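Protein chains get the first letters and strands the later ones, always in sequence-line order, with residue 1 at the start of each. What you see is a predicted model, and the numbers here were worked out from it, not measured in a lab.
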Amino acid sequence: MDVAEIHKNTKLLVDGIPCSVDEVDFTKPGKGRAIYRVKLRNLLDGTTTEKTFHSGEKAEEAQTTYQQEQYLYKDGDHYIFMNTETFEQLFVSESQIGDKKDFLKEGILVDMLMFGERPIDITLPNFIEFEVLESEVAIKAQTISPQLKAATIETGAVIGVPTFINVGDIIKVDTRTGTYVERINKK
Amino acid sequence: MEDEKQHLLHLESNLKTRALIYKHIRKFFDDRGFLEVETPVRVPVIAPEPYIVPFESEDWFLSTSPELHMKRMLAAGYKKLFQFSRCFRKGEQGRLHNPEFTMLEWYCADAGYMVIIQHIEDLVSYLAKELGLRRINYGNLEFDISTPWSRITVKDAYLKLAGWDPTTQPDPLRFDIDMAEKVIPGLSKDHPTVLLDYPSYAAALARIKPDNPNVAERAEIFFSQLELANVYSELVDADEQKRRFDEAIEQIENEQGKRMQMPDKFLEAVPFIPECGGVALGIDRLVMLLCNASSIDEVIPFTADNA
């Protein structure tokens with residue numbers, strides 16, 4: 001592809017490694033070539049690098065596809081998913097899931113980014129409902145600002161919730177920010 | 001809708017400053033005997049330039065610059081012209097770019113690039129004074145705009161910041177990359193910079209310096225990394241002009257597979273253009289500077305992203 005077509009989230013193949021474009025900085029001094037400073041995130045190990053392209057250069061697009069997968073369970077260091085069309089199972093390593101493991105609840109559907117046969121990234125639904133397994137007893141608010149207390153959800157992750165939330169409540173969480181949204185039903 | 005309303009109202013003070021700047025610019029040029037003109041935005045032919053990509057409009061183009069038409073007027077005998085002109089350049093989008101933008105161009109007969117540089121110094125000083133600014137604060141930078149602004153040749157700037165002399169070692173690719181990566185980031189952060197005497201292979205439509213064939217009488221004005229204006233002693237040699245267009249047309253055909261037309265009517269006028277200087281100054285960027293706006297979308301209500 002022409003470098004002018006590179007945008008945020010474009011997937012490029014750089015030295016054989018699939019990378020996602022996090023940022024493009026466009027400069028074009030005088031009447032000269034356009035210079036594109038591109039921040040790249042290595043999709044295999046998450047490291048970031050910068051690369052400079054100039055107009056007229058070609059960049060190689062990484063052939064990536066999305067497929068829908070259902071998360072089944074964790075086995076050792078791997079997370080096991082199942083393709084919702086072919087029912088084939090897919091093993092994804094802990095390092096590739098990264099922080100998203102906090103909201104990876106058994107049974108949910110995710111969009112899996114594939115590089116050939118290789119799973120490289122998952123996109124969680126924006127909102128997921130979780131049961132609260134543990135929560136501190138609320139200490140009476142000292143101020144008038146909304147107080148948050150720690151609560152452990154099904155996945156083992158700990159998030160801040162309002163003081164009126166009890167063990168057994170179902171709450172909705174925004175997986176992009178990791179924040180409490182609302183209570184769905186109370187026990 | 002609510003987001004758009006908030007965004008547009010947030011711009012109000014910048015847009016008021018923008019309108020004031022237009023008013024003062026018209027007064028500035030009127031006081032100096034310049035005539036404001038309007039040349040077409042939709043044109044049958046544009047100057048072939050390798051790194052400026054036009055939008056097509058049926059068989060014509062949206063103007064990338066009013067330069068050729070303004071020079072045709074100079075050839076007819078007009079001496080001092082200025083214009084606010086909408087220009088369109090495909091793919092140019094970023095913090096300092098929008099594909100549709102406004103250029104202030106002016107041309108002055110019997111003047112060279114040094115005279116035009118003084119006009120720019122005078123214009124910016126005048127606008128700052130009218131807006132009540134003693135200095136120009138831009139982001140975390142503060143520019144002392146007292147004149148004359150510091151002048152440095154391209155040769156000296158490259159020797160100091162990139163370690164080579166592009167005027168004696170022709171290397172257009174390295175020239176462009178080092179300009180973006182080394183030279184511009186190294187320019188003064190507290191005074192405007194006038195970068196002078198570009199290598200002859202980056203002359204564009206500027207004339208070659210009579211006493212040094214390696215460089216052209218072309219200058220660019222920078223406020224640190226913000227490039228404000230491009231100044232020429234205009235090329236008025238028809239043969240030389242045709243040769244440069246031929247080269248540009250060939251380069252575009254090789255690199256982009258497109259055959260641009262020769263601007264014939266302009267070439268017919270070139271022998272009648274008087275010795276003159278001219279400049280293209282990005283109005284959106286000037287407004288950004290004077291409003292301390294970090295991005296072009298803070299001085300234009302509808303950019304390509306939200307039009």
Chemist: Please state whether the side chain, the backbone, both or neither of B:L173 comes within less than 4.5 Å of a heavy atom of chain A.
Modeler: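 Answer is both: backbone and side chain atoms of B:L173 are under 4.5 Å from chain A.
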Chemist: Produce the donor-acceptor pair table for chain A versus chain B, cut-off under 3.5 Å.
Modeler:
unit_1 : atom_1 : unit_2 : atom_2 : d
A:K28  : NZ     : B:Y51  : O      : 2.9
A:K28  : NZ     : B:E92  : OE2    : 3.4
A:G30  : N      : B:E227 : OE1    : 3.0
A:G30  : N      : B:E227 : OE2    : 2.9
A:K31  : NZ     : B:E49  : OE1    : 2.9
A:R33  : N      : B:D176 : OD2    : 3.0
A:R33  : NE     : B:Y51  : OH     : 3.2
A:R33  : NH1    : B:P172 : O      : 3.4
A:R33  : NH1    : B:D176 : OD2    : 2.6
A:R33  : NH2    : B:Y51  : OH     : 3.0
A:R37  : NE     : B:E181 : OE2    : 3.2
A:R37  : NH2    : B:A180 : O      : 3.2

Chemist: Is chain A contacted by the side chain of B:A204, its backbone, both, or neither, given a heavy-atom distance below 4.5 Å?
Modeler: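 The answer is the side chain of B:A204.
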Chemist: Which one, A:P29, A:A4, A:A34, leads in non-hydrogen pairs under 4.5 Å with chain B?
Modeler: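 Highest number of heavy-atom pairs under 4.5 Å: A:P29.
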Chemist: Hey, which of B:V183, B:I177, B:L96 has the most heavy atom pairs under 4.5 Å with chain A?
Modeler: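 Going by pairs under 4.5 Å, I would pick B:I177.
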Chemist: Crowded around A:E88 CD? As in, over 12 foreign heavy atoms under 6.0 Å?
Modeler: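 It does not: A:E88 CD has 12 such atoms or fewer within range.
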Chemist: Which residues in residues 105-128 of chain A have any heavy atom closer than 4.5 Å to a heavy atom of chain B?
Modeler: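 Listed by number: none.
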Chemist: Would you indicate whether A:D45, at its atom CG, is surrounded by more than 12 heavy atoms from other residues, nucleotides or ligands within a distance under 6.0 Å?
Modeler: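 Yes, because the 6.0 Å sphere around CG of A:D45 holds more than 12 heavy atoms from other groups.
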